[in-house]
Amino acid sequence: MTAVEELLRSAEKLPPLPETAVKLGEVAQDRYATTEEIEAVIKYDQVVTASVLRVANSSFYATARPVGRLREAVLRLGSTMLFRIAMSRALRAIVSTDIRGYGIAAGEFWRHSVATGIGAQTIQQRISGETDATTFTVGLLHDVGKVVMSQHLAERYDELFTHAGLPSMPFFKIEQEEFGFDHAEVGSALAEHWRLPAEIAVAIREHHSPRAETPPLVDIVHVGDVLSLWMGTGIGTRGIQLSASGDALDRCGLSSEELESCACEAFLELKRVEGIFEA
Amino acid sequence: MARLVVGVAEMAVSANQTDEIITHALGSCVGLAMYDPKLHVGGVLHYMLPTSAIDRGKASNKPCMFADTGVQLLLDELGRLGAAEKARLIAKVAGGAQIMDEEGVFNVGRRNHVALRQICSRTGILIYAEDVGGTKARTMSMEMASGMVWVSSNGNKVQL
């Protein structure tokens with residue numbers, strides 16, 4: 001058994017991924033999912049249904065008359081926004097405690113996750129003119145391994161990261177040296193445990209080390225992670241010790257200016273999604 | 001005492017000496033505190049990008065997202081509270097941290113800082129002190145009674 005498998009096994013109870021999120025992921029993976037299909041998944045989840053109706057009637061979307069039926073709300077919001085709402089709510093249920101070691105509060109971790117999902121989708125939209133649900137899922141779950149690690153290795157995590165002479169290297173490398181694995185590997189194993197598609201598990205595992213031979217999704221999420229830091233999310237007490245690859249940006253075909261423009265757009269989207277959850 | 005919390009792409013001004021203005025989680029973003037010591041009027045801006053030229057439309061929507069439009073708005077708001085004399089303003093700066101990036105393509109923190117220096121020199125605002133760069137996360141706060149600015153990072157709080 002590998003160290004990661006052992007960690008997952010020792011975790012008394014792995015956080016479950018809500019059924020609505022899993023099903024919606026399956027439906028939305030198909031770019032041509034119909035609103036009927038999406039509605040069919042959501043309507044069994046009262047909490048998500050209530051959110052969707054509330055958002056559809058918020059000032060941003062409510063152009064004319066209020067909608068009362070889920071079908072109309074689904075049509076008004078579109079599948080990208082629906083998926084963001086459902087998945088973001090799912091992650092919120094999973095992240096109930098602060099991320100020890102990194103000094104990131106639970107709410108801030110969630111914001112960083114949502115921001116990375118939105119950042120990655122914004123980049124993908126800019127590159128290809130369209131975006132898909134898988135990209136949001138990978139962005140949202142890219143750091144989910146930190147949740148498990150901070151819960152089950154809490155004291156070692158605290159000790160490691162509060163050490164005064166913190167070496168000047170990315171956090172995931174510190175984890176690798178100390179534990180022999182990092183949060184990306186743990187997150188990837190968790191995605192497999194949830195039976196998410198393999199491409200999601202792979203992209204979570206590789207998000208710190210995009211290379212020419214890794215799938216383009218890895219580059220997109222890697223740069224999306226940078227964007228979310230630019231947006232001021234996920235900045236714990238330990239600072240921003242994240243390494244970033246200029247090659248990944250090159251492969252995305254974006255200039256620095258275009259990336260700043262993506263950050264600007266993604267930030268406004270983040271505010272919108274946050275507004276839904278604050279309501 | 002009221003504590004005014006400034007979020008990302010936001011600002012706050014005050015003429016109330018019992019207030020404290022604070023902004024958290026400055027990474028690559030930059031926090032700018034400006035204070036008129038004669039009038040005890042001041043404000044704090046937390047911006048995330050160097051220039052509004054990348055998207056004028058969004059800049060008009062959310063001016064505090066950018067250095068240029070944000071500083072202008074802060075000056076306007078301070079002027080509205082009577083602090084219109086720029087030469088008297090004490091400006092202090094914190095943030096502009098960098099992601100570890102050998103090629104320097106993701107250097108928005110540094111560019112945020114450079115943009116502010118250019119704006120300040122163009123508009124005749126003096127930067128008295130700054131704590132910028134590195135990979136640190138910073139929190140910046142200003143006491144309205146004295147104009148004292150504090151920067152805390154990783155549990156250490158120092159006066160700027």
Side-chain angles (χ1 to χ4, degrees), chain A residues 102-105 107-108 111-112 115 161-164 166-173 208 222-223 225-250 252 254-271 274, chain B residues 6-10 23-31 46-67 69 95-112 115 133-140 152-157:
Chain A
Y102 283 82
I104 299 176
E108 190 50 37
R111 275 187 80 225
H112 172 67
F161 285 90
T162 47
H163 192 264
L166 193 65
S168 175
M169 63 166 90
F171 287 134
F172 74 93
K173 289 208 170 133
H208 293 125
H222 180 80
V223 181
D225 197 6
V226 174
L227 274 197
S228 75
L229 286 170
W230 285 8
M231 291 186 247
T233 72
I235 296 165
T237 52
R238 311 274 165 252
I240 50 173
Q241 280 176 241
L242 177 82
S243 58
S245 157
D247 290 343
L249 186 64
D250 284 346
C252 288
L254 293 177
S255 66
S256 300
E257 290 74 28
E258 284 172 307
L259 197 60
E260 281 179 21
S261 163
C262 286
C264 170
E265 199 175 316
F267 181 76
L268 295 176
E269 277 294 309
L270 174 66
K271 287 277 136 193
E274 269 185 307
Chain B
V6 178
V8 180
E10 290 176 5
T23 192
H24 299 285
L26 289 162
S28 59
C29 292
V30 166
H46 182 146
Y47 66 86
M48 66 180 251
L49 292 169
T51 171
S52 65
I54 56 160
D55 199 327
R56 298 278 181 210
K58 291 194 174 72
S60 58
N61 231 336
K62 199 90 183 152
C64 294
M65 206 190 297
F66 306 99
T69 43
Q98 288 289 114
I99 284 162
M100 294 172 177
D101 153 29
E102 283 163 16
E103 299 131 88
V105 289
F106 298 103
N107 59 355
V108 83
R110 193 167 297 132
R111 304 207 314 111
N112 274 335
T135 57
K136 281 197 283 186
R138 298 169 171 94
T139 289
M140 181 189 219
S152 51
S153 180
N154 205 2
N156 301 316
K157 189 173 177 178

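Within every chain, numbering begins at 1; the chains are lettered A, B, ... in the order of the sequence lines, protein sequences first and strands thereafter.
- Options B:Ile99, B:Leu26, B:Ile54 differ in how many heavy-atom pairs under 4.5 Å they form with chain A, and the most are formed by B:Ile99.
- Options A:Thr233, A:Leu249, A:Val223, A:Asp250 differ in how many heavy-atom pairs under 4.5 Å they form with chain B, and the most are formed by A:Leu249.
- Heavy-atom pairs under 4.5 Å with chain B peak, among A:Glu108, A:Glu258, A:Glu265, at A:Glu265.
- For residues 225-235 of chain A, the set of pairs meeting the salt bridge (charged side-chain N to carboxylate O under 4.0 Å, His left out) definition, not counting sequence neighbours, is empty.
- Interface check for chain B: of the options A:Ser243, A:Cys264, A:Ser261, A:Gly232, the most heavy-atom pairs under 4.5 Å are formed by A:Cys264.
- Ranked by heavy-atom pairs under 4.5 Å with chain A, the first of B:Arg111, B:Lys62, B:Met48 is B:Met48.
- B:His46 pairs by the ring-ring contact (aromatic ring centres under 6.0 Å, His included) definition with nothing, not counting sequence neighbours.
- Considering every non-hydrogen atom in both A:Val226 and A:Ala244, the closest pair reads CG2-CB, 3.7 Å.
- Between chain A and the residues B:Gly7, B:Gly134, B:Pro50, B:Gly95, the largest count of heavy-atom pairs under 4.5 Å involves B:Pro50.
- Aromatic ring orientation, A:Trp230 versus B:Phe106: perpendicular (interplanar angle above 60°, classes split at 30° and 60°).
- Using a 4.5 Å heavy-atom threshold, the side chains of A:Leu270 and A:Arg111 count as touching.
- The contact between B:Leu49 and chain A is made entirely by side chain atoms (from C-beta outward), counting heavy-atom distances below 4.5 Å.
- Only the side chain of A:Leu268 comes within less than 4.5 Å of a heavy atom of chain B; its backbone N, CA, C and O stay farther away.
- Contact annotation: the side chain of B:Lys136 never approaches that of B:Asn154 to less than 4.5 Å [non-hydrogen atoms, C-beta and beyond].
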